[in-house]
Amino acid sequence: MARFTQLALIEHQKRTQNLGLLAESLEISVVHRTFSELVESSPLENTMVAYSLGSEQLSRSHTTNEIAALTRTYPLFLVNARKGEVRPNQALNLGARGIIYENDHLDRVLTAIKVIGQGELYYPRSLLSGKIEEMMLRRQADDDSFTTASQVNSLTPQELKIIELVATGARNKEIAEQLNISAHTVKTHLSSIFRKTGARNRVELLKWSNYATSG
């Protein structure tokens with residue numbers, strides 16, 4: 001059963017009679033509305049919006065502004081888009097839940113209405129997979145940043161100073177002299193630093209330090 005029971009159709013120059021008939025075959029009622037009517041009135045319940053592009057392609061700023069405004073309130077998909085002029089990635093970035101091209105076969109259009117009517121996205125699988133992968137990589141980067149921040153916070157001021165000196169190429173004896181501590185104490189601090197940062201040696205510690213300071 002469809003999640004959305006009504007389709008508000010915004011048409012410009014090109015009529016979309018087949019879209020309405022296909023929606024009604026799925027027991028989704030169709031109403032014709034203008035952009036102003038939708039944004040200036042109370043939101044319609046259980047309603048999705050089909051925005052017919054026609055000559056209004058995404059190269060026009062007022063078109064993208066209308067789509068962006070409508071997607072704040074309604075699940076919206078684009079229809080009558082021209083291949084080569086409207087890319088799926090553009091539509092998805094605008095917040096549209098799908099895209100139907102002007103020459104798509106009726107069975108494809110029917111599938112799109114059914115999928116979007118159930119609250120899902122209608123896009124090529126490759127595009128959705130790419131977006132999910134981007135999301136996972138961003139999450140991994142955020143996790144890495146969080147881990148690094150936690151590691152930095154776990155270091156004592158003395159340990160941070162030792163890391164700075166290690167980065168200059170100073171050896172244990174030189175570090176001990178500069179900090180007025182014993183070489184044995186430096187070695188103890190380095191063991192703690194390696195444990196907290198996950199570094200196994202000075203080279204890995206320098207790589208960790210560069211990553212931590214670049215973030």
Side-chain angles (χ1 to χ4, degrees), residues 1-140:
M1 185 174 180
R3 175 179 170 184
F4 300 104
T5 57
Q6 183 169 260
L7 174 66
L9 179 56
I10 298 179
E11 295 181 304
H12 294 96
Q13 296 178 353
K14 188 167 184 177
R15 315 311 293 177
T16 52
Q17 182 178 3
N18 287 335
L19 182 74
L21 294 175
L22 292 172
E24 290 172 350
S25 73
L26 297 172
E27 298 184 352
I28 298 175
S29 62
V30 179
V31 294
H32 291 78
R33 294 288 187 272
T34 64
F35 168 77
S36 298
E37 289 173 338
L38 287 177
V39 298
E40 293 173 4
S41 60
S42 299
L44 301 174
E45 294 185 0
N46 303 318
T47 299
M48 56 182 175
V49 172
Y51 190 99
S52 177
L53 289 171
S55 62
E56 307 293 317
Q57 297 299 309
L58 295 184
S59 58
R60 302 187 179 188
S61 60
H62 83 274
T63 301
T64 56
N65 290 338
E66 286 189 358
I67 292 169
L70 287 167
T71 55
R72 297 190 189 104
T73 306
Y74 295 100
L76 174 148
F77 62 100
L78 304 177
V79 297
N80 285 329
R82 299 194 195 109
K83 285 189 176 180
E85 292 188 28
V86 181
R87 300 188 305 276
N89 195 55
Q90 287 179 288
L92 184 58
N93 289 338
L94 279 173
R97 302 188 68 82
I99 181 169
I100 299 174
Y101 290 100
E102 57 184 359
N103 295 322
D104 280 346
H105 294 299
L106 293 183
D107 57 346
R108 185 182 291 266
V109 177
L110 182 65
T111 299
I113 298 171
K114 185 182 298 183
V115 169
I116 297 169
Q118 292 171 344
E120 301 175 11
L121 299 177
Y122 182 77
Y123 282 106
R125 187 182 184 88
S126 58
L127 175 63
L128 297 179
S129 295
K131 289 294 181 181
I132 292 173
E133 185 173 358
E134 287 178 14
M135 180 184 69
M136 294 174 68
L137 290 174
R138 283 197 301 270
R139 181 176 179 178
Q140 182 179 356

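All values derive from a computational prediction rather than experimental measurement.
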Quick check: do [X] and [Y] have side-chain heavy atoms less than 4.5 Å from each other?
| X | Y | answer |
| --- | --- | --- |
| Ile28 | Ile113 | yes |
| Tyr123 | Ile99 | yes |
| Leu22 | Leu106 | yes |
| Ile10 | Thr34 | no |
| Glu27 | Thr5 | no |
| Pro88 | Tyr122 | no |
| Tyr101 | Arg82 | no |
| Leu70 | Val39 | yes |

| field | Residues Ile116, Phe4; criterion side-chain contact (heavy atoms from CB on, under 4.5 Å); working and verdict | value | CA-CA 8 Å; Ile116 297 169; Phe4 300 104; 5.8 Å; no
[atom1] of [X] to [atom2] of [Y]: how many Å apart, nearest 0.5 Å?
| X | Y | atom1 | atom2 | result |
| --- | --- | --- | --- | --- |
| Thr64 | Asn93 | OG1 | CG | 12.0 Å |
| Glu24 | Leu19 | CD | CG | 10.0 Å |
| Asn103 | Asn80 | CG | CG | 9.5 Å |
| Leu7 | Arg33 | CG | CZ | 11.0 Å |
| Leu26 | Lys114 | CG | NZ | 6.0 Å |
| Tyr51 | Ile67 | OH | CD1 | 5.5 Å |

Compare every heavy atom of [Y] with every heavy atom of [X], then report the nearest pair and how far apart it is.
| X | Y | result |
| --- | --- | --- |
| Met48 | Phe77 | SD-CE2, 4.1 Å |
| Gly95 | Thr71 | O-CG2, 3.6 Å |
| Ser52 | Glu11 | CB-CA, 4.0 Å |
| Val79 | Ala50 | CG1-CB, 4.3 Å |
| Arg97 | Pro75 | CD-CB, 3.2 Å |
| Thr47 | Tyr74 | O-CD2, 3.5 Å |

| query | Just by modelled atom types, is the Arg87 backbone N or O under 3.5 Å from a matching donor or acceptor in the Gln90 side chain? | reply | yes
| message | Donor-acceptor check, side chain of Asp104 to backbone of Ile100, threshold 3.5 angstrom: yes or no? | response | no
| query | Would Leu53 and Val86 satisfy side-chain contact (heavy atoms from CB on, under 4.5 Å), going step by step from the backbone distance to the final call? | reply | CA-CA 10 Å; Leu53 289 171; Val86 181; 3.9 Å; yes
| query | Do you know which of Val49, Val30, Val31 makes side-chain contact (heavy atoms from CB on, under 4.5 Å) with Gln6? | reply |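 By the side-chain contact (heavy atoms from CB on, under 4.5 Å) criterion, Gln6 pairs with just one of Val49, Val30, Val31: Val31.
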